[in-house]
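If you read the sequence from its start, that first residue is 1, and numbering goes on from there.
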Amino acid sequence: MASLYDLAVPVLTNILKAEQHLLAQAEAFAADKGTPISEILELRLAPDMWPLSQQIVISALHTGSFLAKAAGITPNTVVFGPASLEDSKKYLVETLELLASVKPEDLNGKEDKILKAQLGANYEPEMTAYNYVQGYMLPNVYFHLTTLYDLLRNKNVPLGKKDYISHFVRLA
């Protein structure tokens, strides 16, 4: 079994770096096409879904929330809701800096600590920190990374699989 640190910190770092890359591609696309970046940040696939910028916000919030719950680390400030380009970039940079400050001893040995997960307005089931990461947090942040990618592809931003996966692959 992987340690809690190894299960969470490197993976979250890769996800947020992938989001940084996708956001940079979106910004370049908007500049090239003369599209206001605000239009890109507001992209949705359905009227009732959160916009593109909020996909980044939610990934940053999940990361900070996990570190606070599991290790008592004070998260960076991330405001829930749609975000400007500047705030989206700031949230990614600050959350990556927060992850870089985490040491293995901050998390390792806390795999069995009981954490609450937010699953709906009135439902917060308890689970071990290990299960929280593996079964709740990582699926959530992967979902928001994939949604960010899909929103950009739907707008014809020239992305491919390498734009999504390159931050996860470690070559020999």
Side-chain angles (χ1 to χ4, degrees), residues 8-70 73-102 116-124 132-133 135-170:
V9 174
V11 178
L12 289 167
T13 298
N14 292 339
I15 290 169
L16 295 175
K17 285 182 177 181
E19 288 186 356
Q20 277 185 318
H21 173 74
L22 294 174
L23 187 60
Q25 297 293 77
E27 186 176 15
F29 175 83
D32 183 56
K33 299 296 182 190
T35 303
I37 192 65
S38 59
E39 183 179 310
I40 302 292
L41 294 171
E42 285 296 319
L43 289 173
R44 303 165 194 257
L45 295 175
D48 65 342
M49 77 179 286
W50 288 326
L52 182 143
S53 67
Q54 196 154 346
Q55 307 306 317
I56 293 167
V57 166
I58 294 168
S59 294
L61 285 170
H62 271 294
T63 301
S65 177
F66 163 67
L67 294 173
K69 290 176 183 182
I73 295 170
T74 303
N76 52 307
T77 301
V78 178
V79 178
F80 183 78
S84 67
L85 177 64
E86 294 74 23
D87 283 343
S88 297
K89 288 179 176 181
K90 179 180 82 166
Y91 295 155
L92 288 168
V93 166
E94 290 178 355
T95 306
L96 283 164
E97 289 171 352
L98 179 66
L99 283 166
S101 75
V102 177
K116 289 184 178 182
Q118 183 71 44
L119 295 174
N122 298 311
Y123 184 51
E124 292 185 45
Y132 180 96
V133 171
Y136 171 73
M137 184 190 61
L138 288 180
N140 266 287
V141 292
Y142 275 120
F143 171 84
H144 292 289
L145 169 60
T146 302
T147 302
L148 172 61
Y149 176 90
D150 292 344
L151 287 164
L152 294 173
R153 287 297 296 133
N154 193 53
K155 185 69 173 175
N156 296 315
V157 175
L159 299 171
K161 191 174 207 173
K162 70 176 176 61
D163 294 293
Y164 180 95
I165 207 161
S166 63
H167 296 281
F168 299 95
V169 175
R170 298 292 171 251

Student: Can you say whether the rings of F66 and Y132 are parallel (under 30°), tilted (30 to 60°) or perpendicular (over 60°)?
Tutor: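 Parallel: the ring planes of F66 and Y132 meet at under 30°.
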Student: Using the rule given for side chain to side chain contact (heavy atoms under 4.5 Å, CB included), can you reason through N154 versus L43, listing the C-alpha separation, both sets of side-chain angles and the distance that settles it, and then say yes or no?
Tutor: CA-CA 9 Å; N154 193 53; L43 289 173; over 6 Å; no
Student: Please tell me if the side chains of L152 and I40 come closer than 4.5 Å, counting only heavy atoms from C-beta onward.
Tutor: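 The answer is yes; the side chains approach within 4.5 Å.
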Student: Given side chains that start at C-beta, do those of V93 and Q20 come closer than 4.5 Å, heavy atoms only?
Tutor: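 With C-beta onward as the side chain, the pair touches.
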Student: Give, for atom OH of Y142 and atom OH of Y164, the distance between the pair rounded to the nearest 0.5 Å.
Tutor: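 Atom-to-atom, Y142:OH and Y164:OH are 6.5 Å apart.
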Student: Side chains of L119 and Y136: does their closest heavy-atom pair fall under 4.5 Å?
Tutor: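 L119 vs Y136: side chains touch.
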Student: Please assess T74 against L98 for the test side chain to side chain contact (heavy atoms under 4.5 Å, CB included), listing each intermediate value before the final yes or no.
Tutor: CA-CA 9 Å; T74 303; L98 179 66; over 6 Å; no
Student: Just verifying a value: how many Å separate L145 CG and Q55 CD, rounded to the nearest 0.5 Å?
Tutor: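 Going from CG on L145 over to CD on Q55, the span is 10.0 Å.
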Student: With sequence neighbours left out, write down each residue that passes side chain to side chain donor-acceptor pair (under 3.5 Å) with E39, or none if nothing qualifies.
Tutor: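 So E39 forms a side chain to side chain donor-acceptor pair (under 3.5 Å) with K155.
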Student: Taking only residues two or more places apart in sequence or in another chain, which ones pass ring-ring contact (aromatic ring centres under 6.0 Å, His included) with H144?
Tutor: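 Checked H144 against ring-ring contact (aromatic ring centres under 6.0 Å, His included); zero matches.
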Student: Please round to the nearest 0.5 Å and tell me the distance separating atom CG of N76 and atom OG1 of T63.
Tutor: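 The distance works out to 8.5 Å.
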Student: Which heavy atom of L23 sits nearest to which heavy atom of S88, and what is that distance?
Tutor: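 Nearest pair, atom of L23 first, then S88: CD2-CB, 3.8 Å.
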Student: So do the side chains of L12 and T95 get within less than 4.5 Å of each other, counting heavy atoms only?
Tutor: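 L12 does not reach T95 side chain to side chain.
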Student: Can you tell me how far CG of L151 sits from CG of L41, rounded to the nearest 0.5 angstrom?
Tutor: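 So the gap between those two atoms works out to 11.0 Å.
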Student: What are the two closest non-hydrogen atoms of H62 and M137, and how far apart are they?
Tutor: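 Taking H62 first and M137 second, the nearest heavy atoms are O-SD, 3.7 Å.
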Student: Please find the pair of heavy atoms, one from L148 and one from E19, that lie closest to each other, and give the distance.
Tutor: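 It is CD2-CG, 3.7 Å.
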Student: So, taking the atom named CG in N14 and the one named CD1 in I165, what distance separates them when rounded to the nearest 0.5 Å?
Tutor: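 If I round to the nearest 0.5 Å, the distance is 10.5 Å.
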Student: What closest approach, in Å, do A83 and S53 show between heavy atoms, and which atom pair accounts for it?
Tutor: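 Answer, listing the atom of A83 first, then S53: N-OG, 2.9 Å.
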Student: S65 vs K69, test: side chain to side chain contact (heavy atoms under 4.5 Å, CB included). Steps then yes/no.
Tutor: CA-CA 6 Å; S65 177; K69 290 176 183 182; 3.4 Å; yes
Student: Kindly compute the distance separating NE2 (H167) from NZ (K162), expressed to the nearest 0.5 Å.
Tutor: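 Between H167 NE2 and K162 NZ, I get 9.5 Å after rounding to 0.5 Å.
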Student: For a 4.5 angstrom cut-off between non-hydrogen side-chain atoms, does D87 reach I56?
Tutor: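 Heavy-atom side-chain distance check fails, nothing below 4.5 Å.
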Student: Taking only residues two or more places apart in sequence or in another chain, which ones pass side-chain contact (heavy atoms from CB on, under 4.5 Å) with F80?
Tutor: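 Result, side-chain contact (heavy atoms from CB on, under 4.5 Å) vs F80: W50, Q54, I58, L61.
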Student: Donor-acceptor pair, Y91 side chain versus V79 backbone, under 3.5 Å?
Tutor: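 Yes; at least one donor-acceptor contact below 3.5 Å.
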Student: If only atom types and distance count, is the side chain of D163 paired as donor or acceptor with the main-chain N or O of G160 below 3.5 Å?
Tutor: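 Confirmed, D163 side chain pairs with G160 backbone.
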Student: After noting the C-alpha distance and the side-chain angles of L16 and S59, does the key distance pass the side chain to side chain contact (heavy atoms under 4.5 Å, CB included) rule?
Tutor: CA-CA 8 Å; L16 295 175; S59 294; 4.0 Å; yes
